[in-house]
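Take a look at the structure set out below.
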Amino acid sequence: MASLNFSRVGCNNRNSISDFAVTRHDRPTLTRPSRVGFKVFASDSQAEPDLSVYVNGLQMPNPFVIGSGPPGTNYTVMKRAFDEGWGAVIAKTVSLDAAKVINVTPRYARLRAGANGSAKGQIIGWENIELISDRPLETMLKEFKQLKKEYPDRILIASIMEEYEKAAWEELIDRVEQTGIDAIEINFSCPHGMPERKMGAAVGQDCALLEEVCGWINAKATVPVWAKMTPNITDITEPARVALSSGCEGVSAINTIMSVMGINLDTLRPEPCVEGYSTPGGYSCKAVHPIALAKVMSIAKMINLEFNNKEYSLSGIGGVETGGDSAEFVLLGANTVQVCTGVMMHGYGLVKKLSAGLKDFMKKHNFSSIEDFRGASLQYFTTHTDLVRRQREAIQERKAVKKGLQSDKDWTGDGFVKETESMVSN
């Protein structure tokens, strides 16, 4: 079977990965050459696809990352994630004063395919009203240090969130870095809990505030910093642009979507129900995947257009349960893919299914590495005006051979379903 090899044509040599080194005192500025100038040649053999990725100076065995949340809440579960083979682990978000964090139970609610309140059917949506870590910071820091001692070559990322206070952010960064963590993800996107303290999405939705806080963080941090974006905003590229311009090496998208899971039609109470009451929470799982893809696509196009000459990373999040789900994020420009709800539903062994599925996809298309196809589908997104132009030209080239209806006047009552099907692409 032929495979695809990518060779650069007519481009000057650039620095290779081996030319860069990461220290805890000098975050590297990396330059990734553009894919302009590549040509594709066929070869006669196909090696096993390589899932390893190199992101902001961090070497990972695969692009699959435990997303911040319950799957990274303590030493035991993070150790399990490393043992199962996850490429990296992002711990549950920590802050200086965990005593202010008080969770309730129940704090999750599920949406199944089917009627309201159905106990059957596939789970397609998941809502949580869970806050950040309620464990003492000192406890979490000791566990970070222990994990890095036991797994020195694996990537451990601290997720942090603080109030609108420069000194608090600086102290928190200093304390987590002393444990030996490899990078920091800033939670600018938690959609519920403590907005009155200017935490989470309260910062991510305010670009002026975000710019100021990112400035504090990046002046202090000595490891790579990712900013986690909220989807609960009109244009997600605006805060992503601010985060990168303010010194962050990467962005993660998306965090959960503000939601009300549903109303119990027997009790008339909302879910999840706590003593008869509830509050809007964060929505995740399979149903958010198309929304997440759109947000990641927008950020990736913005990065390519406005930050083309620098190495910035993008971590895709939202509804990943299969290798195919992850391939879609990579095709839209993501370097890594985070999974949180999927682990809560399927367990830490899910990484094996994800890896096998992604390798199958790569073999099908003769891709040997993640970089071979990262961002390959971005070129196929355009405006509706351009779609109209392209179709008009294609119709002319096909000598006006009709496919589907060309005008609203062509719809008929009797053939409505078939006419609809004639215009569906998949």
Side-chain angles (χ1 to χ4, degrees), residues 16-24 27-28 30 32 47-69 71-72 77-91 144 147-159 176 179-185 223-228 248-253 296 300 311-318 320 323 325-340 342-343 348-359 361-362 367-375:
S16 65
I17 286 175
S18 60
D19 293 330
F20 302 107
V22 177
T23 69
R24 305 211 177 275
R27 286 184 287 164
L30 308 183
R32 177 171 64 83
E48 186 75 6
D50 179 11
L51 297 185
S52 67
V53 294
Y54 185 80
V55 183
N56 302 133
L58 308 175
Q59 184 70 48
M60 304 179 191
N62 59 62
F64 302 114
V65 178
I66 291 287
S68 181
V77 297
M78 289 187 280
K79 174 180 171 60
R80 176 65 181 275
F82 283 138
D83 289 341
E84 289 287 350
W86 288 85
V89 173
I90 303 177
F144 292 169
L147 283 164
K148 285 307 299 179
K149 180 180 179 181
E150 295 180 19
Y151 300 90
D153 298 326
R154 305 300 292 277
I155 302 302
L156 177 62
I157 301 173
S159 173
V176 297
T179 68
I181 51 95
D182 301 284
I184 295 173
E185 183 178 78
V223 296
V225 174
W226 297 355
K228 191 170 185 178
C248 293
E249 279 80 9
V251 293
S252 307
V296 166
E311 175 74 9
Y312 292 100
S313 67
L314 176 56
S315 190
I317 316 168
V320 173
D325 295 335
S326 62
E328 290 179 296
F329 275 122
V330 177
L331 285 164
L332 292 179
N335 303 81
T336 59
V337 179
Q338 296 185 31
V339 187
C340 182
V343 177
Y348 291 90
L350 177 63
V351 69
K352 295 180 175 60
K353 174 184 175 183
L354 297 176
S355 296
L358 185 56
K359 282 186 176 182
F361 162 79
M362 294 171 68
F367 296 132
S368 61
S369 71
I370 298 298
E371 283 299 313
D372 282 354
F373 64 100
R374 190 170 69 83

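Please read all numbers here as calculations on a predicted model, not as lab measurements.
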Donor-acceptor contact below 3.5 Å, side chain [X] vs main chain [Y]:
X: E249; Y: V225; answer: yes
X: Y348; Y: G85; answer: no
X: S326; Y: G323; answer: yes
X: R374; Y: V330; answer: no

Taking all heavy atoms of [X] and all of [Y], pick out the closest pair and write down the distance.
X: S52; Y: Q59; value: CB-NE2, 3.8 Å
X: P61; Y: G87; value: CD-O, 3.7 Å
X: G316; Y: A334; value: N-CB, 3.9 Å
X: L314; Y: A300; value: CD2-CB, 3.8 Å
X: P224; Y: N56; value: CG-O, 3.4 Å
X: V339; Y: L350; value: CG1-CD2, 4.0 Å

Assess whether side-chain contact (heavy atoms from CB on, under 4.5 Å) is satisfied between V337 and V65, documenting all intermediate values.
CA-CA 6 Å; V337 179; V65 178; over 6 Å; no
Give the table of side-chain donor-acceptor pairs shorter than 3.5 Å for residues 149-158, with sequence neighbours excluded, one pair per line with atom names and distance.
unit_1 : atom_1 : unit_2 : atom_2 : d
E150   : OE1    : Y75    : OH     : 2.9
E150   : OE2    : Y75    : OH     : 2.8
E150   : OE2    : Q146   : NE2    : 2.6
Y151   : OH     : K79    : NZ     : 3.0
Y151   : OH     : D83    : OD1    : 2.5
Y151   : OH     : D83    : OD2    : 3.4
R154   : NH1    : F82    : O      : 3.2
R154   : NH2    : W86    : O      : 2.5

Euclidean distance, [Y] [atom2] relative to [X] [atom1], rounded to 0.5 Å:
X: E84; Y: F64; atom1: CD; atom2: CZ; result: 14.0 Å
X: M362; Y: L51; atom1: CE; atom2: CG; result: 5.5 Å
X: C340; Y: I317; atom1: SG; atom2: CD1; result: 9.0 Å

From N335, D182, V223, residue fulfilling side-chain contact (heavy atoms from CB on, under 4.5 Å) relative to L58:
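Result for side-chain contact (heavy atoms from CB on, under 4.5 Å) with L58: D182.
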Quick one: are [X] and [Y] in side-chain contact, heavy atoms under 4.5 Å?
X: Q338; Y: I66; result: no
X: I370; Y: L358; result: yes
X: S313; Y: W226; result: yes
X: V320; Y: L354; result: yes
X: S159; Y: K228; result: no

Apply side chain to side chain donor-acceptor pair (under 3.5 Å) to N62 and list each qualifying residue two or more places apart in sequence or on a separate chain.
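Listed in chain order: nothing, the list is empty.
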List the residues meeting side chain to side chain donor-acceptor pair (under 3.5 Å) with T336, not counting sequence neighbours, and say none if there are none.
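With neighbours one apart ignored, the set is S315.
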Measure up the F361 and F367 rings against each other and bin them: parallel (under 30°), tilted (30 to 60°), perpendicular (over 60°).
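Ring orientation of F361 relative to F367: tilted.
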